Engineer: 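Right, I'll just put the structure down here and ask away after.
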Amino acid sequence: MNFIRKIAICSLTASLSAIAAATPLPEHQTSNAWYTDAQSKLLEKLQTNNRFKAKNVIVFIGDGMGISTLTSARILQGQLNDQLGEEGYLSFEEFPHTALVKTYNVDAQTPDSAGTMTAMMSGLKTDVGVIGVDEDIVRGDCSTVAGNEVITALELAEIKGLATGIISTARITHATPAATYAKSADRNWEDISDMPEAAVFFGCTDIADQLVNFENYLEARYAGVDVDGIDVAFGGGRRHFLPKDEAFNSPDASSAVEGDRTDGRDLTAEWKAKYPQGSYVFDQTGFDAIDAATTKQAFGLFNESHMQYEADRLNDIAGEPSLTQMTEKAIDILDNQEKGFFLMVESGRIDHGHHAGSAYNALTDAIELSNAVKKAYDMTNREDTLILVTADHGHVFTIAGYPKRGNPILGKVVGVNSDTPAQDAEGQPYTTLGYTNGRGMMDLGSETNADASYAMEINAGRKDISAINTESPGFHQEALVPLTSETHSGEDVALHASGPGAQLVQGVIEQSALFHVINQALDLINQ
Ligand SMILES: [Zn+2]
């Protein structure tokens with residue numbers, strides 16, 4: 001019989017086979033693709049052995065990548081490949097271990113990226129808006145920083161002698177990447193011109209300075225520690241590293257004066273002086289020229305502010321690498337270190353797409369994150385590399401109505417057994433995707449930069465979209481409550497895990513648990 005042969009081929013677990021052998025199931029059931037797919041996924045989990053120690057850890061953060069974003073990105077990914085969409089998976093959704101993560105900050109029901117990333121990197125929750133400090137901090141008050149700093153997984157990895165790297169499509173001084181290396185009473189202190197005079201007077205330093213001089217700051221904080229600095233940093237935010245002086249503009253500058261710094265310091269020059277063998281790059285050509293086999297340190301600042309949305313990347317002045325390319329290059333450099341590496345990769349602009357009310361930009365950036373995770377998974381060994389993929393928080397983004405199977409996810413709701421858009425109580429069509437709040441409906445045609453909506457009037461509430469192509473890149477979904485920027489949501493996010501220690505990712509957990517999963521895998525505290 002067919003099903004017996006199938007079990008003999010499988011025979012992965014005695015228990016399941018025994019049950020099946022004792023109670024024969026109908027062949028049409030055991031050969032059904034839904035049945036076999038679900039069974040093989042379960043068997044993969046049963047096969048997970050007791051490996052808990054990892055050589056390398058890679059943490060991927062989809063900023064603002066809540067569960068509704070995962071579901072709709074997965075459907076869009078499938079539909080872009082001529083499938084119905086619902087049946088597919090983002091790359092990391094096929095990882096064997098998953099947990100739900102509670103995201104609130106100590107003082108906030110709905111969190112921000114600074115408090116959440118500090119929780120993930122340092123193992124404790126803290127207040128909204130602060131970086132690398134505990135809840136005893138007073139946001140914006142420099143004098144409360146001293147004594148409240150916490151150490152991060154990246155710093156512990158650095159002290160342990162692992163290679164370390166950070167990547168973000170946002171400014172590399174933005175909250176999520178900053179929480180891996182900086183201590184700041186305010187996430188907005190990205191360079192000295194962003195800081196109040198009192199903060200500078202009391203000796204607080206800006207986030208860009210803390211990145212470039214990471215080595216000195218870490219060694220000063222822990223006597224006897226000798227580290228070699230963050231090996232790879234790729235992202236945007238060049239303006240925070242350059243003096244406010246046209247003479248320092250790079251060829252990739254989009255503003256008349258690219259730099260913001262009012263202290264005259266050129267931190268890119270400081271970095272080059274510190275790491276004379278390293279590669280500082282600002283465009284695709286420079287990035288492509290980095291030889292990963294011989295490079296130990298690489299620093300790439302590919303945009304004045306945030307990097308482009310993935311869908312808008314070709315519009316960058318001098319060209320910039322994709323998240324997947326940056327991830328690949330970083331791993332190629334970091335894996336030269338025999339002791340192992342710690343890498344944090346943030347897709348920062350999923351969040352920005354949602355804030356601007358553009359599902360198109362948010363979802364296409366989420367798909368690119370999935371591509372980057374797949375690249376990392378394919379390049380590393382699942383027996384020695386723990387990969388964690390999560391979000392810091394969600395957005396007020398919903399998948400609504402009763403669209404039929406395979407209905408375009410960016411389209412209007414068309415119900416089961418129908419070919420025409422469903423109507424609301426007033427006879428108007430409506431989209432599957434929408435926002436509870438934000439700037440509201442916009443029809444910007446082929447525009448691939450969601451931020452163009454900030455130049456438009458807020459247009460919240462129900463609108464007549466019957467003549468609008470809602471699947472075009474420039475369509476911004478309707479929003480109920482008018483706000484200058486769509487907001488985060490307070491619901492749980494998902495955490496997906498593969499590799500040694502991934503077994504610990506299960507149940508409903510506090511966001512601070514992520515640090516402890518990393519610590520357990522790399523044994524960070526025992527140097
Ligand atoms: Zn946000």
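Note that the structure is a prediction, hence the values are computed from the model and not measured. Each ligand, and each atom within it, is numbered from 1 in the order the structure gives.
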Engineer: For Ala179, which residues count as a side-chain contact (heavy atoms from CB on, under 4.5 Å) partner, sequence neighbours excluded?
Structural biologist: Met117, Thr118, Ile131
Engineer: Could you tell me which N, O or S atom of His488 is nearest to the Zn ion (ligand 1)?
Structural biologist: NE2
Engineer: Does a donor on one side chain sit under 3.5 Å from an acceptor on the other, for Ser113 and Asp63?
Structural biologist: yes
Engineer: Could you tell me whether any N, O or S atom belonging to Asp112 is less than 2.8 Å from the Zn ion (ligand 1)?
Structural biologist: no
Engineer: Using 2.8 Å as the threshold, say whether any N, O or S atom from His354 sits that close to the Zn ion (ligand 1).
Structural biologist: no
Engineer: Of all N/O/S atoms in His355, which lies nearest to the Zn ion (ligand 1)?
Structural biologist: NE2
Engineer: Measure centre to centre between the rings of Phe282 and Phe299, then say whether the value is under 6.0 Å.
Structural biologist: no
Engineer: Centroid-to-centroid, His488 to His354, below 6.0 Å?
Structural biologist: no
